[in-house]
Amino acid sequence: MTTNRPDNTTHPPQTDQTPSIPTANDGSTATSRSTPASTINANARGNKTIVNSNTSTDSPAHDSTAAEASSDAKTDEMLLTVENLKTVFDTDDGTVHAVDGIDFTVQRGETVCIVGESGSGKTVTSESITQLFKSPPGSIADGSVVFDGIDLASRTEDELTDIRGARISHIFQNPQGALNPVYTVGWQLIEAIQLHRNVDDDAAREDAVDLLNRVGIPEASSRLDDYPHELSGGMKQRVMIAMALACQPDLLIADEPTTALDVTIQAQILTLLRELQADFGMSIVFITHDLGVVAEIADRVVVMYAGKVMERGSVYDVFESPSHPYTKALLECLPGRGSLGGIPGSLPDPTAPPTGCRFADRCPYAVEECTVGEQPVFESVGGEARDEDIEHEVSCVHYRSAADPSVLDQLDADRSSVPQERPSGRTVGTRDGEGGVARE
Ligand SMILES: Nc1ncnc2c1ncn2[C@@H]1O[C@H](COP(=O)(O)OP(=O)(O)OP(=O)(O)O)[C@@H](O)[C@H]1O
Ligand code: NI
């Protein structure tokens, strides 16, 4: 990379533990990759054209020593804080409560995976960060999205455009849709670079070649003259990543960026993202329904269901001590586990979400209390956190202070002694019959 960074040091891992993550059959592990953050970027998706701004301001790189020494400094490590976010769509069928009061945080340099079944609100969550959804019908009905001290939820469209262009990049599942078919890859990349940095054509071209090299495109200088249709799907996604990195974002939002790719290419892209994150120090919000990918790439996991967060915690805690029955059910769908066809049943109607826990009617552990009132408050799961910087919390009545969550284990034991109902309905979980992605 040609770009100069104010701070290219790499943090020590958040923890020296590298527990085995039961991704699937391969027992591969996920390690923390925490690095400091910096700077800028931009990009495009169907709903809105994202116009890039031309300023590039480095965010204050945080001082790891100070951060470790003081709990106050931890606030500085927080890049994104989402609180009580509600995003709705006004439709002819009523108001769709796509995201319905969620909280999560993203620290500088970490990867947060949002995982859940299809329709649980992952994409709308990611689009709500910079309000990429089409409006109307979409709107943020409540809550705040604080990015590096700026509340994005209350910003004007112009201000959001600047932020999107300057500091938050998006990559999407379908790179074809995001690349302009009538311009060469080089033209588009050079434009992205020049929108952010005041460099002449030759310097921008040189940077473009560097970026393409960096994302693993062979013979980069000759590929600059290719049109998007001349590239394979994997190569196009690499170009999109290069464009997203053109100005070094503080935050890269990746919505199922590998889902359309074959398994080998998926693995390569995930490896690439990890390497780039270490080099660039950016934070990543990674949307996926694939738990194999989560185990591979996440530091922190946010489990979503029907517009709500059900459980959140470090990748270690969520995989090794899954606590919400929904998380348990998702993990059961991993290849080699009990459930083959996904979790029985389907999501509730998003225009009329049920009271209480939204998973209650599909939950083998549900009791009467689960179906009344508000979503259960988040409780700490307790036990020894494997990553002490990341709280492990769950929204489930069985974890209330007066309750005894071991009832879930007891029920598990009881259930395993009776034949299981063969699940039907929508699928969730991992790539077709494949295990986790091999780590390098
Ligand atoms: N433009 C829209 N108009 C109306 N409803 C919408 C719109 N976009 C999303 N929704 C609804 O919001 C809910 C959440 O959708 P979202 O796309 O965020 O799910 P997801 O978790 O990303 O699913 P998938 O894994 O299939 O991508 C769904 O019920 C969806 O139908
Ligand atoms: Ni989605």
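Just so it is clear, the structure is predicted and the values come from calculations on it, not from any experiment.
- Listed by chain and residue number, Glu219 satisfy the side chain to side chain contact (heavy atoms under 4.5 Å, CB included) test with Ser222 (two or more places apart in sequence, or in another chain).
- A donor-acceptor pair under 3.5 Å is absent between the side-chain atoms of His196 and the main chain of Glu191, judged by distance alone.
- Distance CD1/Ile253 to OG1/Thr125: 10.5 Å, rounded to 0.5 Å.
- Formation of a donor-acceptor pair under 3.5 Å by the Thr258 side chain with backbone atoms of Leu261 is not found in this model.
- The number of heavy-atom neighbours closer than 6.0 Å to CD of Glu379, taken from other residues, nucleotides and ligands shown, is above 12.
- In terms of modelled atom types and a separation under 3.5 Å, the side chain of Thr288 and the main chain of Asp290 share a donor-acceptor contact.
- Ser144 pairs by the side chain to side chain donor-acceptor pair (under 3.5 Å) definition with nothing, not counting sequence neighbours.
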*May I have the step-by-step check of side chain to side chain donor-acceptor pair (under 3.5 Å) for Gln277 and Thr111, ending in yes or no?*
CA-CA 9 Å; Gln277 184 182 37; Thr111 297; 2.9 Å; yes
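- A salt bridge does not link Arg205 to Asp202: none of the charged side-chain nitrogens sits closer than 4.0 Å to a carboxylate oxygen.
- A salt bridge is defined here as a Lys NZ or Arg NE, NH1 or NH2 lying under 4.0 Å from an Asp or Glu carboxylate O, and Arg164 with Glu157 meets this definition.
- Judged by distance alone, the side chains of Thr81 and Thr105 never bring a donor and an acceptor atom under 3.5 Å apart.
- Contact between Phe147 and Leu152 at its shortest, heavy atoms only, is CB-CD1, 3.6 Å.
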*Does the pair His289 and Thr259 meet the rule for a side chain to side chain contact (heavy atoms under 4.5 Å, CB included), with working shown?*
CA-CA 9 Å; His289 61 275; Thr259 306; 4.0 Å; yes
*Assess whether side chain to side chain contact (heavy atoms under 4.5 Å, CB included) is satisfied between Val209 and Leu224, documenting all intermediate values.*
CA-CA 7 Å; Val209 171; Leu224 281 183; 3.5 Å; yes
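- A side-chain donor-acceptor contact under 3.5 Å links Gln188 to the backbone of Tyr183.
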_Would Glu374 and Lys308 count as a salt bridge (charged side-chain N to carboxylate O under 4.0 Å, His left out) here? Give the steps._
CA-CA 11 Å; Glu374 300 290 317; Lys308 295 279 194 189; 5.5 Å; no
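- Atoms CG and CD, from Asp200 and Glu206 in turn, are 9.5 Å apart once rounded to the nearest 0.5 Å.
- Side-chain atoms of Lys86 never come within 3.5 Å of backbone atoms of Ala141 as a donor-acceptor pair (strictly under, hydrogens ignored).
- Between Arg312 and Glu391 there is no salt bridge, since none of the side-chain N atoms of the basic residue sits less than 4.0 Å from a carboxylate O of the acidic one.
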_Let's go through Arg274 and Glu296 carefully: what are the C-alpha distance in whole Å and the side-chain angles of both, what is the deciding distance for salt bridge (charged side-chain N to carboxylate O under 4.0 Å, His left out) to 0.1 Å, and is it a yes or a no?_
CA-CA 9 Å; Arg274 280 205 309 271; Glu296 187 64 18; 2.9 Å; yes
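- Exactly one of Ile163, Val112, Val285, Ile284 qualifies for a side chain to side chain contact (heavy atoms under 4.5 Å, CB included) with Leu251. That residue is Val285.
- Atom OG1 of Thr87 sits about 4.5 Å away from atom CD1 of Ile140, to the nearest 0.5 Å.
- Shortest non-hydrogen contact noted between Val397 and Cys370 is CG2-SG, 3.4 Å.
- A distance-only check finds a donor-acceptor pair linking the side chain of Arg238 to the backbone of Val215 [under 3.5 Å].
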*Verdict with reasoning, Asp255 to Thr123, per side chain to side chain donor-acceptor pair (under 3.5 Å)*: CA-CA 7 Å; Asp255 190 350; Thr123 292; 2.7 Å; yes
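- Annotation for Phe280 and Leu245: closest pair CE2-O, 3.9 Å, computed over non-hydrogen atoms.
- Note that the CG atom of Leu160 and the CD atom of Gln131 stand 5.0 Å from one another [nearest 0.5 Å].
- Listed for the Ser395 side chain is a donor-acceptor partner under 3.5 Å among the backbone atoms of Pro376.
- No side-chain donor-acceptor contact under 3.5 Å links Glu110 and Ser283.
- Ionic pairing of Asp148 and Arg108 is present here: one or more N-O contacts between side-chain nitrogen and carboxylate oxygen are shorter than 4.0 angstrom.
- Heavy-atom minimum distance, Gly109 versus Asp299: O-OD2, 4.3 Å.
- We find that Arg362 and Glu117 are joined by a salt bridge, their nearest charged nitrogen and carboxylate oxygen being less than 4.0 Å apart.
- In this structure Thr327 satisfies the side chain to side chain contact (heavy atoms under 4.5 Å, CB included) test together with Val303, Glu311, Val318, Pro322, His324, Leu331, sequence neighbours excluded.
- Screening residues 95-131 for ring-ring contact (aromatic ring centres under 6.0 Å, His included) gives no qualifying pairs among residues at least two apart or on separate chains.
- Counting all heavy atoms, side chain and backbone alike, Asp250 lies closest to Leu79 at O-CD2, 3.3 Å.
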*asked:* Does Ile217 form a side chain to side chain contact (heavy atoms under 4.5 Å, CB included) with Met235? I'd like the steps, not just the answer.
replied: CA-CA 7 Å; Ile217 293 190; Met235 286 295 158; 3.8 Å; yes
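- When all heavy atoms of Ile171 and Ala244 are compared, the closest pair comes out as CG2-CB, 3.7 Å.
- For Val199, the side chain to side chain contact (heavy atoms under 4.5 Å, CB included) partners two or more places apart in sequence, or in a different chain, are Ile193, Gln194, Arg197, Ala203, Ala204.
- Sorted by first and then second residue, the pairs that involve residues 90-106 and meet salt bridge (charged side-chain N to carboxylate O under 4.0 Å, His left out), not counting sequence neighbours, are Asp100-Arg358.
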*asked:* Assess the residue pair Leu330 and Leu291 against the criterion (side chain to side chain contact (heavy atoms under 4.5 Å, CB included)); give the C-alpha distance rounded to whole Å, side-chain angles, the decisive distance to 0.1 Å, and a yes or no.
replied: CA-CA 8 Å; Leu330 285 176; Leu291 288 162; 3.7 Å; yes
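- Note that CG of Leu347 and CZ of Phe359 are 9.5 Å apart. Values are rounded to the nearest 0.5 Å.
- With no hydrogens or angles considered, a side-chain donor-acceptor pair links Thr156 and Glu159 at under 3.5 Å.
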*Determine, step by step, whether His170 and Thr130 satisfy the side chain to side chain donor-acceptor pair (under 3.5 Å) criterion, reporting the C-alpha distance in whole Å, the side-chain angles of both residues, the deciding distance to 0.1 Å, and the verdict.*
CA-CA 10 Å; His170 290 258; Thr130 60; 3.2 Å; yes
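- The distance from atom CG of Leu85 to atom CD1 of Ile129, rounded to the nearest 0.5 Å, is 8.5 Å.
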